[in-house]
Amino acid sequence: MVKKPIYSITPFTLLDYPDHTACILWFAGCNMRCGYCYNPEIVRGKGKVGFDEVLSFLEKRKNLLDGVVFSGGECTMHQDLPYYASEVKHLGMKVKIDTNGSRPHVLEDLLYEGLVDYVALDFKALPEDFESITQSDLFEQFRESLEVLIGHDVPFEIRTTVHSELINAEKLSKMASFLHDQGYKGKYYLQHFVGEKETIKTLPHSKKPNLAFTDYPELELVWRN
Ligand code: SF4
C-alpha cells in the first residue's frame, strides 16, 4: 500500500459532486500530460497525505459531507482504490470518481463491487487528436471506459475541456457524433479553457466556440463556464 497516495484535500465543495456536499481527494500522479491541465503540481508531484489521515478527517466531517470526490491526477492508477472507496462507503458517504478513462478494468471492478455512486469521464479528443492533446496513446482505453459506463446503471457524465487551438467547433461536432454512435444519451459538459492558472504547457488565448448539436437531440450540451 502506498503510504501517502493523496496530494491534498479540498475540505468542502458544493460544485464538484452534483447535488451533494463533498470533499475532494486529489490523488497524486497521472498517466496523461494534457497541455491545458490546471494541476501540474498534482500530476507530477508525490502524495503528502496518507489514507489514515483522510479517514480521521472524514470521521470528523461525516455529518457535513454527503460524498467524497476521488480526483487527481488519475485516481484509478492507485491499486488500493477499491479499499479506499469501500472505507468511504462504510462511513455512509457516497463516492464520485473523476477519471480520464485510462483504466476501464479498474472502473468496471469498482462498479461491479458497488463502490461508486457517480462517475465523471473526461472525453479528451478523438483518436486523431488524442495523442497530441494528452501525450498518451490511451484513446482505446477511454472508449472501453465509456462502453463500461453505458452498460451500467450508475449515473455518469461526459466532459470535455475546450481550447479553441486544440478542439474547434468542427472537432466538437465530430466528438458529439462519436458519443451518439457509441449510444450515449444525456448531458455533455464542456468546460472552456480559461488559462488563469499555471498549466502543463503554455497555451495561447482560447476563444470560446459557438455551438449547437442540432443533429443529436439525445445529447444535451451544457457549458460549465
Ligand atoms: S487534465 Fe490530463 S494531465 Fe491533468 S489530471 Fe486530467 S488527465 Fe491528467
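When a ligand or atom number is given, it counts from 1 through the structure's own listing order.
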*Answer yes if the ring centres of Phe178 and Phe130 are under 6.0 angstrom apart, and no otherwise.*
no
*Do Asn100 and Thr134 come within less than 4.5 Å of each other through their side chains, counting heavy atoms only?*
no
*Taking the six-membered ring of Tyr7 (Phe, Tyr or Trp), confirm whether the NZ or CZ of Lys48 is under 6.0 Å from its centre and within 45° of its axis.*
yes
_Around atom CD of Glu128, are there more than 12 heavy atoms from other residues, nucleotides or ligands closer than 6.0 Å?_
yes
*Within less than 2.8 Å of atom 2 (Fe) of ligand 1, how many protein N/O/S atoms are there?*
1
*Look at atom 5 (S) of ligand 1 and say which protein heavy atom is nearest, naming residue and atom and giving the distance to 0.1 Å.*
Gly73 N, 3.5 Å
*Qualifying residues under side-chain hydrogen bond (donor to acceptor under 3.5 Å, both in side chains), relative to Asp52, sequence neighbours excluded*: none
*Can a salt bridge be assigned to the pair Glu113 and Lys89 using a cut-off of 4.0 Å between side-chain N and carboxylate O?*
no
